[in-house]
Amino acid sequence: MTTTDPASDSTAQRKDDHIRLAMEQHSGETVRDYDHVRFVHHALAGGSRDTVDVSSPAFGWSAPFYVSGMTGGTAKAAEINRGLGIVARETGIPVACGSMGIVLRQPEVAPTFTVLREANPDGFVMANTNANVSGADAARIVEIMGADALQVHVNAAQETAMPEGDRDFSRWEGNIAAIIDAVGVPVIVKEVGAGLSRGTVAALRDIGVGGVDLAGRGGTDFGAIESARRTDSGRHYLAGWGQSSVASLLETAGLDGVGSLGPVGDGGAPRAALLASGGVRHPLDVVRALALGADAVGVAGTFLKVLTTDGEDALIALVREWLTEIADLMALLGTRDVAGLRTTDVLVTGPLREYAELRGFD
Ligand code: FNR
């Protein structure tokens, strides 16, 4: 941390620790649940890339993936948010900032978040907060950011892994309902890497969220990050807590009023967009999640790694490559759009199959 960091010492240190430790996690390759999702190859079923439309059924987004919420509050975070804003502006993908709760306590750090909106004045920008803030404070955060939607993170496992973390999660559901009533933009409730279950998603749908972001295990792991920040061994056993994004997609399959695929709820209630994130490494993972019902796919660690290592031009090039490669994969699979991907033959194998059987989703 430098003396120019606008946030208080401990908060700034934590935010910068998250960035450093998340990047260490993204340096190795392991087999993830996404590797157990396979498409049956039909050699004559391919289509033409020229007719493929990669837009998302969610929020009118022109791209099927977005940058999920990460940071803000420090000088380094401001630099990252500026870079992400430029990448989003140049490529048209939606983008979120990290948790803005700190802005309520230290208004002077607001520019480390709003730099993202300034770099990307016309794009789709999501603000981010925890589930403890009041409706009025959530509305303030949205206003400060000039946000088009608000991500609210529910991160009980991460908090439990932190010695200084929250220990009372009992008011989150009611509080999220109050936030929805208070803000004038869609509220997207997300995990931060432990996934959402069927019951959680159904409860969120019933209180009227605009979307859910499954944010599952398999990528950035806050159980591991929070214990690595400590000098003792920490609560290392919380590493790997929760379910993967793919398991969470199996959890949500066919839920009324969730995602553009599922049946519409009684009385034509508005659907909650189904967003998946967590552990996305490349365009095939995006296509796998879309085929399993996601309306769009979020990426955090993989993009942060490129931005912090190689800079914003490299990330702009990568995002453009992903858009092209997703269209290529859709042509290979013979689908013209995201809705069409849901009709492809997808196989779920290995431990994921066992998970689906144990949960009765077979
Ligand atoms: C995050 N994430 C996150 N999420 C959130 O809602 N608010 C936040 O402030 C943060 N902070 C944060 C910092 C850093 C450095 C990373 C890498 C991630 C979680 C993020 O949005 C996402 O849900 C998870 O990282 C899972 O996606 P990946 O990283 O596996 O693609």
Side-chain angles (χ1 to χ4, degrees), residues 7 11 13-28 30 32-34 65-74 76-77 79-81 83-84 94-103 109 112-113 116 126-133 141 145 147 149-159 162 165 176 187-196 211-226 228-229 240-246 248 275-282 285-286 289 294 296-308 322:
T11 310
Q13 187 63 57
R14 185 160 67 85
K15 303 251 177 190
D16 285 351
D17 282 353
H18 284 169
I19 294 165
R20 179 177 55 80
L21 293 164
M23 293 308 86
E24 285 174 15
Q25 282 188 339
H26 280 263
S27 56
T30 50
R32 313 251 176 102
D33 270 2
Y34 274 115
F65 61 90
Y66 57 94
V67 184
S68 199
M70 284 184 275
T71 202
T74 71
K76 185 180 174 67
E79 209 179 299
I80 288 169
N81 279 336
L84 292 176
V95 62
C97 66
S99 184
M100 293 177 69
I102 187 175
V103 171
V109 304
T112 66
F113 295 87
L116 191 158
M126 294 172 268
N128 186 297
T129 183
N130 62 63
N132 288 319
V133 297
I141 282 170
M145 194 65 185
L150 175 66
Q151 290 186 330
V152 177
H153 60 264
V154 286
N155 61 336
Q158 180 191 5
E159 295 291 340
M162 293 162 61
I176 290 168
V187 170
I188 299 166
V189 175
K190 70 185 289 291
E191 239 293 342
V192 300
L196 299 177
V212 292
D213 181 340
L214 304 173
R217 179 172 59 77
T220 305
D221 182 339
F222 277 101
I225 287 174
E226 297 299 352
R229 287 179 54 229
W241 182 269
Q243 53 270 11
S244 68
S245 314
V246 183
S248 298
L275 311 176
S277 67
V280 171
R281 301 158 296 179
H282 47 57
D285 285 347
V286 175
V297 177
V299 188
T302 300
F303 285 168
L304 184 62
K305 175 94 178 162
V306 174
L307 181 68
T308 54
W322 279 38

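Start at 1 and go down the list; that is how both ligands and their atoms are numbered. By convention here, the first residue in the shown sequence is residue 1.
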Consider every N or O of [X] and every N or O of ligand 1, then say whether any pair is closer than 3.5 Å.
X: His18; value: no
X: Met23; value: no
X: Ser68; value: yes
X: Ala22; value: no
X: Ser99; value: yes

Subset of ligand 1 atoms that lie under 4.0 Å from at least one heavy atom of [X]:
X: Gly219; result: 30 (O)
X: Gly279; result: 28 (P), 30 (O), 31 (O)
X: Ala215; result: 23 (O)
X: Gly301; result: 28 (P), 29 (O), 31 (O)
X: Gly98; result: 9 (O)

Measure the distances from the heavy atoms of Phe303 to every atom of ligand 1 and state whether one is below 4.0 angstrom.
no

Give a yes/no verdict on whether any heavy atom in Val192 is under 4.0 Å from an atom of ligand 1.
yes

Thinking salt bridges, do Asp17 and Arg229 make one under a 4.0 Å N-O criterion?
yes

Partners of Tyr66 by side-chain hydrogen bond (donor to acceptor under 3.5 Å, both in side chains), sequence neighbours excluded?
Asp213

Using a 4.0 Å heavy-atom cut-off, say whether Glu191 meets ligand 1 through its side chain, its backbone, both or neither.
backbone

Residue part near ligand 1, for Asn128, under 4.0 Å between non-hydrogen atoms
side chain

